[in-house]
Amino acid sequence: MGKNNKEKVILFCDGKKCCKYNSEIKECFKDLVNEAGLSDSVIVQKMKCQGFCKSAPIICIHKNECVGKVSTEDAKKLFAQHIA
Ligand code: FES
């Protein structure tokens, strides 16, 4: 535990609505993690509907930084800001 950058989590909403829009960004995040060689320390995980379906697709980073209407461009920015 603690802030030693050992474990970072990228959560993508896998609820009904987000599911329709998230396959591209999901793959994008997985690719970014692999390309950065961070697959040991960064987890890409699904979460259930967050109640923000109007803003699908929803992504949360570290369980607190949540964003909606995420495009692949946004995914790259988020990754650069919070993970890489
Ligand atoms: S399905 Fe993603 S917020 Fe509801």
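Being a predicted model, the structure only gives us computed values, none of them experimental. Positions are given from 1 along the sequence. Atoms within a ligand are numbered from 1 in the order they appear, just like the ligands themselves. Computation of the quantities below employed the complete heavy-atom set of this structure, encompassing side-chain atoms and omitting hydrogens, waters and symmetry-equivalent molecules.
The shortest distance between side-chain heavy atoms of Lys46 and Leu11 does not fall below 4.5 Å. Residues Phe29 and Ile59 meet the side-chain proximity criterion, which asks for heavy atoms closer than 4.5 Å.
If you take NZ on Lys26 and CG on Asp31, they are separated by 12.5 Å, rounding to the nearest 0.5 Å.
With a 6.0 Å radius and a threshold of 12 heavy atoms from other residues, nucleotides or ligands, Glu27 has its CD atom above the threshold.
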Please report, to 0.1 Å, the donor-acceptor pairs under 3.5 Å made by any side chain of residues 74-84, with sequence neighbours excluded.
residue: Asp74; atom: OD2; partner: Ser71; partner atom: N; Å: 3.1
residue: Asp74; atom: OD2; partner: Ser71; partner atom: OG; Å: 3.2

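Of the two cysteines examined, Cys60 and Cys13, the SG atoms fail the criterion of being under 2.5 Å apart.
Distances shorter than 2.8 Å separate atom 2 (Fe) of ligand 1 from the protein N/O/S atoms Cys13 SG, Cys18 SG.
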